[in-house]
Amino acid sequence: MKLRAILVALATLFLSLAALPAQAAASVTATFTKTQDWGSGFEGRVTVTNGTSSPVNWSVQFDLPSGFSIPSAWDATMTRNGQRYTFTPPSWAGALAAGASQSFGFNGTPGTFPGISNCTVNGAACGGSDVQVPGKPGTPTVTGATDGSISLSWGAATGTVTGYRVYEGGTQVAQATGTTATISNLTTCSSHTYTVKAYNATGESAASDAVSGSTTGCSSGVPGKVGTVTAGQIGDTGLTLNWPAATGTVTGYRIRTGGTMVATVTGTSHAITGLTACTAYTYTVTAYNSVGEGPASDPVTATTTGCPTGPLPKHFLTGYWHNFDNKAAKLLKLSAVPDEYDLIAVAFGEATSTAGEVSFSVGADLAAGLGGYTDAQFKADVQSLHNRGKKVILSVGGEKGRIQVGSAAAATKFADSVYALMQSYGFDGVDIDLENGLNATYMAQALRSLRTKAGAGLIITMAPQTIDMQSTGMEYFKLALNIKDILTVVHTQYYNSGSMLGCDQSAAYSQGTVNFMTALACIQLENGLRPDQVALGLPAGPGAAGGGVVSPSLVNQALTCLATRTNCGTFVPPRAYPEIRGAMTWSINWDASNNWNFSKTVKPHLATLP
C-alpha cells in the first residue's frame, strides 16, 4: 500500500514485454520501453537491473529529441538540464538488491515518440534493449466480404513491426505480417467491428480506430446475426436487454435463456421481470421474419442486484491503520479511528520463516512513538471498535510483505495462522495485499479453508494494484473470480500506476482523474465481479502516495458516476452500478495528517448513493 517501485514483471504482463536478456557480466543495466503512445502523448518505462553481487544505488540519464518533454514521473526523482533527464531512486527506496530489478515510469509529450538516446546508468552505457512498441496502425477499411468472411486493410504502423493482430472486442481473430487480413468462419449476414494492433518483441501498440463491416448472404431471406447484446437497468428482480438491429428483413426478436424462450418483441430492447435477486442470468437474442430465424447473438450474462451485504453497510468506507511508524503520517492508537470508518484494515501481518505462515504483534516502533502501546491494549481497542459497530481485519502483505502461498502446505499454514490471529486479537477477517506475487490457486485454497474455520461472517477483501486488475488472466483477478462466492470486496489501488487502459480499451486514462477511476473500475464490473464487490481505493491526501492523489470530491464524483451514470467525465460506463460498494483509503493515519479531509468528505457521500 505504501510507495514502492513497480516490478518489471507487472509491466511485462500489461504489455507482453520480452524477458530481460541474461547479463554477460556483473553490471547494472537499464532498459527503456515506450509502453504506450496515444498520439498527443506517450508513456515510458525504464527498468534498472542489478547484475552485481552487492546492493547498489543507481542514477539513470538519457536525452530526449528536440521538441519532446517529460512533465511527470513516478517511482523516481526526476531532474532536467535541457533535453537531458536524470532519474534517481525516490527517498523511500533503499539500495537495489543484488539480482533485483526496479522500474520507474513517466509521461511525455507529444506523441509518436521515437525514443531516448545517450542512455547511461551510473555513468556507463545502459545496455538492455531499446526497441519500442510500434506506433498506432492507420484506420482499417473493409476491402471485401463474402457470406463467411470479411477482408480488411490498414495503414502501416511506425517503428519496428513484427506483425499485426486483428481484434473483435478483446478477442484476437486474425494475425498478419502485412497490412491486410481476412477473418473467416463468420456467420452469414452478420455484423462485426474490428481494431488492429501492431506488435514486436517489446509489446503491442495502441489499438487502431475501429471499423465495422458485415458478411453477405442476407438475400437468403432470414435476418442476420444480432450484434452485441448488453444488459442495463439491472435491479433485484429484473433487468433490461438492449441490442443493435439485425441486418435484413426483421419481423421481431426472440429472447432465450438456455433453450427457453422468455420473450418475443418487435423493438431492440426489452425489460425482463420476475427474476431472483443476486442471481446470474445468460441470454441470447435472435431476429426472425416470415422466412425463418437468424443466428443467435453471442450470449450476455448479468447478475441481478440485492446480494446480501453481510456484516457491513451497503456502501462503506475502509481505511488502513499503520502498525508502524513511517516518520511522516500521524501515529494513532486503534481506538482513535473515527466513526467515519466502517472497516479498519490493520497493516500488516508479516511472514515468518515458515511458508504461508502469518504473524502479528503491535509494532515496536509504533509503541515507542505512542509512548507505550501493548498487545493487550490493542486487543481492547479492537473490542472497543466492535462495540461501536466497526469491523477490524488483518491486512497481510503490503509493499515489503514477503508472505508466499505457493503450495497446499503453505495454504494450510496460512489459514491456520490467520485463524489463530483472529481468535487471539479479535480480527473479523483478512485483507490480501500481496504486492510481491500471488498464486491464485493456492491462495483460493487458503481462503476457503479459512472460511470453513471462521464461518460465513468472515470478511475477505483484496487490495490489488491497477495493473493486477487489467485482465481476468491476472493472478489477482483470477483469485477474485475463484472466490467470488465468499469474497467481500476488492478495493483496487487507483494510484502509483501511471496511465492505464479502461474497459473501453480506447484510451490510456491518466491517474488522478475521474475517468481513471471509473474506466478502470468498469473492467472489474464488466468481467465477473458484482458491483457490491467493487470499491475505489485512493490515497487520503498529499504524502500518502507518489501519484494519483485526488481531491476527495473527485472520489465522490466517480462513485456517483458508477452508481447512476451521471456526473461522469468523458468516460461514461455502459450501465449504472447502484450497488457499487464504496471507497478505501491509504490510510487512516494519512487522513489524520490531512485533517480528516478524506473520511469527512467521502463517508457522508456514501449515504447519498442508491
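Both backbone and side-chain heavy atoms feed into the values below; hydrogens, waters and symmetry mates do not.
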Point-to-point distance, once rounded to the nearest 0.5 Å, from CG of D433 to CG of L438:
10.5 Å
Distance in Å, Y167 OH paired with Q175 CD, rounded so as to fall on 0.5 Å steps
8.0 Å
Walk me through whether I393 and V430 qualify under side chain to side chain contact (heavy atoms under 4.5 Å, CB included).
CA-CA 5 Å; I393 59 177; V430 65; 5.8 Å; no
Quick one: are R448 and I486 in side-chain contact, heavy atoms under 4.5 Å?
yes
Apply ring pair (Phe, Tyr, Trp, His ring centres under 6.0 Å) to the pair Y85 and F106, showing each step before the final yes or no.
CA-CA 11 Å; Y85 288 78; F106 49 85; 8.0 Å; no
Using atom types as modelled and distance alone, determine if a side-chain donor or acceptor of Q533 lies under 3.5 Å from a backbone N or O of K484.
yes
Do side-chain atoms of Q493 reach the backbone of A463 as a donor and acceptor pair under 3.5 angstrom?
yes
Is it true that a side-chain atom of D591 and a backbone atom of A540 form a donor plus acceptor pair closer than 3.5 Å?
no
Backbone N/O of A440 and side chain of E475: donor-acceptor pair under 3.5 Å
yes
Could you give the distance from CG (D468) to OG1 (T492), rounded to the nearest 0.5 Å?
8.0 Å
Using the ring of each side chain (for Trp, its six-membered ring), is F104 parallel, tilted or perpendicular to W58, with breaks at 30° and 60°?
parallel
Non-hydrogen side-chain atoms of M443 and L434 separated by less than 4.5 Å
yes
Do the ring planes of F68 and F113 sit parallel (below 30°), tilted (30 to 60°) or perpendicular (above 60°)?
perpendicular
Report the residue from F324, F348, F427 that forms a ring-ring contact (aromatic ring centres under 6.0 Å, His included) with F360.
F427
With heavy-atom distances below 4.5 Å as the criterion, would you say the side chains of Y164 and T179 are in contact?
yes
Any side-chain donor near an acceptor of the partner, Q61 and T86, under 3.5 Å
yes
Of all heavy-atom pairs linking M462 and D431, the shortest is N-OD1, 3.6 Å
Judged by modelled atom types alone, do S103 and T47 share a side-chain donor-acceptor pair under 3.5 Å?
yes
Step-by-step side chain to side chain contact (heavy atoms under 4.5 Å, CB included) determination, F477 to I523
CA-CA 10 Å; F477 214 140; I523 297 174; 4.0 Å; yes
Are M517 and L562 close enough that some pair of their side-chain heavy atoms sits under 4.5 Å apart?
no
Is it the case that the side chain of D365 and the backbone of D325 share a donor-acceptor pair, with hydrogens and angles ignored and the cut-off at 3.5 Å?
yes
Might you work through the side chain to side chain donor-acceptor pair (under 3.5 Å) test for T49 and S101, ending with a clear yes or no?
CA-CA 4 Å; T49 300; S101 295; 3.0 Å; yes
Contact summary for L538 and G548, nearest pair of heavy atoms:
CD1-O, 4.2 Å
Hey, mind stepping through Q465 and Y476 against side chain to side chain donor-acceptor pair (under 3.5 Å) and telling me if it holds?
CA-CA 9 Å; Q465 299 171 96; Y476 250 110; over 6 Å; no
Quick check for you: to the nearest 0.5 Å, what is the distance between L529 atom CG and L487 atom CG?
6.5 Å
Check this for me: K330, atom NZ, are more than 12 non-hydrogen atoms of other residues, nucleotides or ligands nearer than 6.0 Å?
no
Which pair of heavy atoms, one from T120 and one from C126, lies closest together, and at what distance?
N-SG, 3.2 Å
Could you tell me whether the side chain of S449 reaches within less than 4.5 Å of the side chain of T412, counting heavy atoms only?
no
For N323 versus L366, what's the shortest heavy-atom pair and its separation?
OD1-CD2, 3.5 Å
Looking at R80 and I70, would you say the former's side chain and the latter's main chain have a donor-acceptor pair under 3.5 Å?
no
V534 versus R581: any side-chain heavy-atom pair under 4.5 Å?
no
Within the side chain of N515, is there an N or O that forms a donor-acceptor pair under 3.5 Å with the backbone of F571?
yes
Atom pair CG/CG of D416 and L421 - distance to nearest 0.5 Å
11.0 Å
Run the side chain to side chain contact (heavy atoms under 4.5 Å, CB included) test on M422 and L450 for me, step by step, so that the C-alpha distance in whole Å, both residues' side-chain angles and the decisive distance to 0.1 Å come before the verdict.
CA-CA 10 Å; M422 291 176 63; L450 180 61; 4.1 Å; yes
I'd like to know whether I467 forms a side chain to side chain contact (heavy atoms under 4.5 Å, CB included) with M500, so could you lay out the CA-CA distance, the side-chain angles of the two residues, the decisive distance to 0.1 Å, and finally the verdict.
CA-CA 8 Å; I467 191 71; M500 291 281 177; 4.0 Å; yes
Closest heavy-atom contact between S395 and Y320?
OG-CE2, 3.5 Å
State, with a plain yes or no, whether a side-chain heavy atom of L525 is found less than 4.5 Å away from one of P573.
no
Taking Y442's backbone N and O only, do any of them form a donor-acceptor pair with N439's side chain (distance below 3.5 Å, no angle check)?
yes
Rounded to the nearest 0.5 Å, how far does CG of L447 lie from CG of L458?
8.0 Å
Donor-acceptor under 3.5 Å (S417 side chain, E357 main chain)
no
Heavy-atom pair with the smallest gap, counting every atom of S361 and Y425:
CA-OH, 3.7 Å
Just by modelled atom types, is the A97 backbone N or O under 3.5 Å from a matching donor or acceptor in the N50 side chain?
yes
Sub-4.5 Å side-chain heavy-atom contact between N326 and W590:
yes
